[in-house]
Amino acid sequence: MTRGYIFDYGGTLDTGGQHWGQALWHAYERHQVPVTETQFREAYVHVERTLGRNPVIRPDFTFRQTLETKIQLQLAYLERNVECGMWNEIPQIADDLYERTVEQTSKSRRVLQALKDQDVPMVLVSNFYGNMPVVLREFGFDGLFLKVIESAVVGIRKPDPRIFLLGVKALGLKPEQVTVVGDSLDKDIAPALEAGCQAVWLRGEGWTPVSHNGDSPHCEIIDSLDELLEMIKKK
């Protein structure tokens with residue numbers, strides 16, 4: 001019986017199941033950035049590793065600033081390697097993605113508010129850059145979670161199951177009483193199950209194609225967060 005929930009943030013609450021690499025790539029396509037998907041993927045991975053090693057994203061950065069920084073670093077990498085010459089597109093690409101993020105976070109916020117109105121305790125567990133509280137306020141998520149556990153702050157990153165056990169501890173429950181909701185089978189679902197939690201996979205457009213037959217124990221599948229409310233009602 002689930003008594004509390006742990007939610008992922010990136011790819012779950014902000015894109016509705018779409019990996020951020022895919023969200024960015026599709027924005028590049030819409031704005032006709034003259035690079036191949038393979039070239040973009042190289043830039044994306046390079047930038048994520050750079051941000052993971054260096055405190056480029058400051059604790060006071062909004063999501064908009066974070067997004068613009070990522071795009072700037074990606075285009076700088078592409079300029080060095082394939083001469084894409086699209087620096088003037090940074091604001092347009094950022095506007096495009098930010099508008100979509102505002103729309104999706106609004107939908108996610110309604111689901112979380114419905115759970116909070118039912119006195120369901122929730123914790124956020126995210127691989128992020130140290131500015132998660134600012135981002136949550138930006139999109140109206142502040143006050144919904146008992147605690148925010150951010151990899152850059154606690155020094156543990158998914159897929160290490162220990163970061164989910166920190167969430168379990170924050171909820172004051174046993175692992176088997178907690179359900180983790182996330183978009184990544186590798187970084188959310190597998191380590192959550194390893195930690196002894198239940199899990200709900202928010203299925204969407206992943207970084208790589210994923211096949212899943214739905215038979216994994218304790219792993220429910222949803223295609224939108226609205227389905228989570230329906231699933232809870234049936235239990």
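What you see below is based on every heavy atom in this structure, not just the backbone, and it leaves out hydrogens, waters and symmetry mates.
- In this structure, Asn54 contributes its side chain and Leu51 its backbone to no donor-acceptor pair below 3.5 Å.
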Review point. For Gln113 and Asp117, what are the C-alpha separation, side-chain angles and deciding distance, and is it a side-chain hydrogen bond (donor to acceptor under 3.5 Å, both in side chains)?
Key: CA-CA 6 Å; Gln113 187 62 58; Asp117 290 344; 2.9 Å; yes

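- For the atom pair CG (Leu78) and CD (Gln39), the distance works out to 7.0 Å, reported to the nearest 0.5 Å.
- Here the closest non-hydrogen pair linking Leu202 and Gly17 is CD2-N, 3.6 Å.
- A donor-acceptor contact shorter than 3.5 Å is absent between the side chain of Trp201 and the backbone of Val181.
- Distance alone, capped at 3.5 Å, places no donor-acceptor pair between the Glu227 side chain and the Ile222 backbone.
- The shortest side-chain heavy-atom distance between Thr105 and Phe63 does not fall under the 4.5 Å cut-off.
- By the neighbour-count criterion of 12 heavy atoms within 6.0 Å, atom CZ of Arg80 is densely surrounded, having more than that number from other residues, nucleotides or ligands.
- In this structure, His31 contributes its side chain and Val33 its backbone to no donor-acceptor pair below 3.5 Å.
- For Arg3, the CZ atom counts as loosely surrounded, since its 6.0 Å shell holds 12 or fewer non-hydrogen atoms of other residues, nucleotides or ligands.
- With respect to Asp8 and Lys187, no salt bridge is recorded, no charged nitrogen being found less than 4.0 Å from a carboxylate O.
- A salt bridge is absent between Asp142 and Arg109; no separation between the charged side-chain nitrogens and carboxylate oxygens falls under 4.0 Å.
- A distance of 10.5 Å separates SG of Cys219 from CG of Asp188, quoted to the nearest 0.5 Å.
- If you run side chain to side chain contact (heavy atoms under 4.5 Å, CB included) between Leu13 and each of Leu144, Thr101, Leu124, only Leu124 comes through.
- Taking the side-chain contact (heavy atoms from CB on, under 4.5 Å) definition, one finds that Gln18 meets it with Thr15, Gln22, Ala23, His26, Glu205, sequence neighbours left out.
- Distance alone, capped at 3.5 Å, is enough to place a donor-acceptor pair between the Thr12 side chain and the Asp183 backbone.
- No donor-acceptor pair under 3.5 Å is formed between the side chain of Lys147 and the backbone N or O of Leu166.
- Checked by atom type and distance alone, the side chain of Lys116 pairs as donor or acceptor with a backbone atom of Gly143 at under 3.5 Å.
- A donor-acceptor pair is defined here as one N or O able to donate and one able to accept, closer than 3.5 Å; such a pair exists between the side chain of Gln198 and the backbone of Glu176.
- The side-chain hydrogen bond (donor to acceptor under 3.5 Å, both in side chains) check on Thr62 picks up Gln65, with sequence neighbours excluded.
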List the atom pairs, with distances to 0.1 Å, where a side-chain N or O of residues 128-135 and a protein N or O form a donor-acceptor pair under 3.5 Å, not counting sequence neighbours.
| unit_1 | atom_1 | unit_2 | atom_2 | d |
| --- | --- | --- | --- | --- |
| Tyr129 | OH | Glu48 | OE1 | 2.9 |
| Tyr129 | OH | Lys70 | NZ | 2.6 |
| Asn131 | ND2 | Phe61 | O | 2.9 |
| Asn131 | ND2 | Thr66 | OG1 | 3.0 |

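- The aromatic rings of Tyr9 and Phe141 sit perpendicular, their planes meeting at an angle over 60°, well past the 30° parallel limit.
- The environment of Glu99 atom CD is sparse: at most 12 non-hydrogen atoms of other residues, nucleotides or ligands sit within 6.0 angstrom.
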